[in-house]
There are 2 protein chains.
Amino acid sequence: MAKRGKINQRQRILEEAAKLFKAKGFAGTSMRDLGGEVGMEAASIYNHVRSKDEILESICFYVSDTYVSQLAEVEQTATSYKDKIQVLIRQHIRLMLEDGAAVSVANNDWKYLTGDKLTAFKDARKRYEHGFAALIEQGIAAGELQPVNVSVALFTILSAVRWVELWYRPGRGVSAEELEQNILTMLLNGLAV
Amino acid sequence: MAKRGKINQRQRILEEAAKLFKAKGFAGTSMRDLGGEVGMEAASIYNHVRSKDEILESICFYVSDTYVSQLAEVEQTATSYKDKIQVLIRQHIRLMLEDGAAVSVANNDWKYLTGDKLTAFKDARKRYEHGFAALIEQGIAAGELQPVNVSVALFTILSAVRWVELWYRPGRGVSAEELEQNILTMLLNGLAV
DNA sequence: TCCATAAACTAACGTTTGTTAGTTTTTATA
DNA sequence: TATAAAAACTAACAAACGTTAGTTTATGGA
């Protein structure tokens, strides 16, 4: 019984798939492409994975589950709203640095999910957005934040953080710490002096 | 000679293609899908268009050409750097509201361009980014802007503006004018009070 | 009304796709 | 070392893909 090897291979397949989906999109990546990257025939992949769709589902829900549980954690800490939002932004950036390919797939290729999985993913995302928006709203009500339109603030934050995954390379002269600090400055204090 | 009809049909094909590419991705959209949307057989599309690739090219370069010429225009106006950046952000938002599907394709599906077209598109984008970054840099040097990392500021702006196309629907209670104003507030003044 | 051309159609092509079936090789344990 | 399970392989499938060829229909100017 070589159960150990099986889950490791599955993990490798998911990781290579995330990289390929990020680079060429879900629909633009074939199982033969993936096989080539993993080092086996396309047909052999099915020893580790039920279908191409299941690969996408695993990647997308890994990411959405992570976000949702990070939000839940932040919600029940006893800090200011401004701090909570700051922590959430930091966590976004960190997940992106650690698992950029998976985050990219969850951001861009979730639309290829089908049936229950598609609705479940959209629901999870909506719950996350509502929770995040509530924190902003309460922060404004508490006078910690500017009275800007909540949706605008939410989506500006969520997408401002996305570029990290397209742009950041370690060894570009900016450390992860600096990066976080600069983005937080931009989003919280703005560009104007 | 009915040349008139031909270019109108071509335009319709490009517009429907942009919508489909946005919704399902370039690789996820078939010529038969497109034919269905336009109201003709897939083969008939080739009376108006050389190939599926050419459709993508037309959409992507329409967008990049627009951005590049908008930048050129802003560069030679005699205003403050802060104003120039504000105008560029406004123009981003407007193009997104007017031609959201095309912008979305240029943002997400440019990677399916091939050969010269791919490098030409990447070059155009790079020139745009450098020009924008130069304005930020000069704005900081002139003391009009905070001394934040220029790349971080640039990409935060460029991607913060992207969500508009995913989220904005006229009749969501936010007018285009309010939207612009709120985004500018977020990016220039920040969320914190 | 006739005619040239534009623009639609049908049919088919060679590939590539995701996936299955059946077989062989590798691997871990008894 | 024998054995059973795991994980690789080859071969093939039906469907969908972009595109071409050849044909028919629609259209606008002489």
Side-chain angles (χ1 to χ4, degrees), chain A residues 1-60 105 109-115 117-118, chain B residues 1-60 105 109-115 117-118:
Chain A
M1 244 186 293
K3 192 99 192 181
R4 198 53 187 304
K6 181 152 185 176
I7 65 163
N8 282 348
Q9 282 286 59
R10 186 186 153 92
Q11 199 52 42
R12 270 201 60 228
I13 289 168
L14 295 181
E15 283 165 17
E16 293 301 330
K19 285 193 224 166
L20 281 174
F21 293 170
K22 175 183 171 182
K24 326 201 318 173
F26 176 75
T29 301
S30 73
M31 293 298 279
R32 286 164 181 83
D33 290 338
L34 179 53
E37 218 62 37
V38 175
M40 61 176 72
E41 292 300 314
S44 305
I45 297 173
Y46 289 83
N47 282 318
H48 305 280
V49 131
R50 238 187 306 281
S51 67
K52 194 189 178 193
D53 285 332
E54 197 219 352
I55 296 176
L56 180 64
E57 291 161 12
S58 297
I59 297 170
C60 287
V105 171
D109 289 339
W110 60 267
K111 58 187 161 202
Y112 298 106
L113 292 170
T114 54
K117 302 294 181 175
L118 176 58
Chain B
M1 249 185 289
K3 194 100 189 178
R4 195 58 183 303
K6 182 152 184 172
I7 64 163
N8 281 349
Q9 282 286 59
R10 185 184 154 92
Q11 200 52 41
R12 271 202 61 227
I13 289 168
L14 294 182
E15 283 165 18
E16 293 301 330
K19 285 192 224 167
L20 281 175
F21 293 171
K22 174 183 171 183
K24 327 199 323 172
F26 176 75
T29 301
S30 73
M31 293 298 279
R32 288 166 180 83
D33 290 337
L34 179 52
E37 217 62 38
V38 175
M40 62 176 71
E41 291 300 314
S44 305
I45 297 173
Y46 288 84
N47 283 318
H48 305 279
V49 132
R50 240 187 305 281
S51 66
K52 193 188 177 192
D53 285 333
E54 198 219 353
I55 296 176
L56 180 65
E57 291 161 13
S58 297
I59 297 170
C60 288
V105 171
D109 289 339
W110 59 268
K111 58 186 163 204
Y112 297 107
L113 292 170
T114 54
K117 303 294 181 173
L118 177 58

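Chain letters run A, B, ... following the sequence lines, proteins first, then strands; residues in each count from 1.
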**Student:** Nearest heavy-atom pair of A:Gly28 and A:Asp33: which atoms, and what distance?
**Tutor:** O-OD2, 3.9 Å
**Student:** OH of A:Tyr46 versus P of C:dT17: gap in Å, rounded?
**Tutor:** 12 Å
**Student:** Checking A:Lys19 against A:Glu16 for the salt bridge (Lys or Arg N to Asp or Glu O under 4.0 Å) test, could you report, in this order, the C-alpha distance in whole Å, the side-chain angles of both residues, the deciding distance, and whether it holds?
**Tutor:** CA-CA 5 Å; A:Lys19 285 193 224 166; A:Glu16 293 301 330; 3.5 Å; yes
**Student:** Without decimals, in angstroms, what is the distance between B:Arg32 CZ and C:dT10 P?
**Tutor:**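 To the nearest whole Å, that distance equals 13 Å.
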**Student:** Output yes when at least one side-chain N/O atom of A:Gln9 is less than 4.0 Å from OP1 or OP2 of D:dA6, else no.
**Tutor:**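 No.
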**Student:** Could you state the atom-to-atom distance from CD of B:Glu54 to P of D:dT19 in whole Å?
**Tutor:** 10 Å
**Student:** D:dT20 P sits how many Å from B:Lys52 NZ, rounded?
**Tutor:**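 My rounded result for the distance is 14 Å.
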**Student:** Cationic tip of B:Lys52 within the cone over B:Phe26's six-membered ring, i.e. under 6.0 Å and within 45° of the normal?
**Tutor:**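 So B:Lys52 does make the cation-pi contact.
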**Student:** For A:Asp33 and C:dT17, what is the distance between atoms CG and P respectively, to the nearest whole Å?
**Tutor:** 6 Å
**Student:** Let's see if you can work this out: which of C:dT10, D:dT19, C:dG18 has an atom nearest to the side-chain heavy atoms of B:Ala43?
**Tutor:** C:dT10
**Student:** Tell me whether the OP1 or OP2 atom of C:dC9 has a side-chain N or O from B:Ser44 closer than 4.0 Å.
**Tutor:**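 Yes, within the criterion.
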**Student:** If you assign B:Asp53 and A:Met40 each to the DNA chain D nucleotide with the nearest heavy atom, which residue ends up on the more 5' nucleotide?
**Tutor:**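 Upstream on the strand: A:Met40.
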**Student:** Do B:Met31 and B:Tyr46 touch side chain to side chain, with heavy atoms closer than 4.5 Å?
**Tutor:** yes
**Student:** Identify whether any heavy atom of B:Ser30 sits under 4.0 Å from a base atom; if not, whether one sits that close to sugar-phosphate; answer base, sugar-phosphate or nothing.
**Tutor:**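 Sugar-phosphate, backbone atoms only, no base.
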**Student:** Would B:Leu118 and B:Trp110 count as a side-chain contact (heavy atoms from CB on, under 4.5 Å) if you check the C-alpha gap in whole Å, the side-chain angles of each, and the deciding distance to 0.1 Å?
**Tutor:** CA-CA 7 Å; B:Leu118 177 58; B:Trp110 59 268; 3.9 Å; yes
**Student:** Where the side chain of A:Ser51 is defined as all heavy atoms beyond and including C-beta, which of C:dT19, D:dG18, D:dA8 is the nearest nucleotide?
**Tutor:**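 Of C:dT19, D:dG18, D:dA8, C:dT19 is nearest to the side chain of A:Ser51.
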**Student:** Nearest whole angstrom, please: distance from the P of C:dT19 to the CD1 of A:Ile45.
**Tutor:** 10 Å
**Student:** Without decimals, in angstroms, what is the distance between A:Asn47 CG and C:dT27 C1'?
**Tutor:** 14 Å
**Student:** Taking the minimum atom-to-atom distance to the side chain of A:His48, which one of C:dA8, D:dA8, C:dG18 wins?
**Tutor:** D:dA8
**Student:** Nearest-Å distance, CD1 (A:Ile13) to C1' (D:dA6)?
**Tutor:** 13 Å
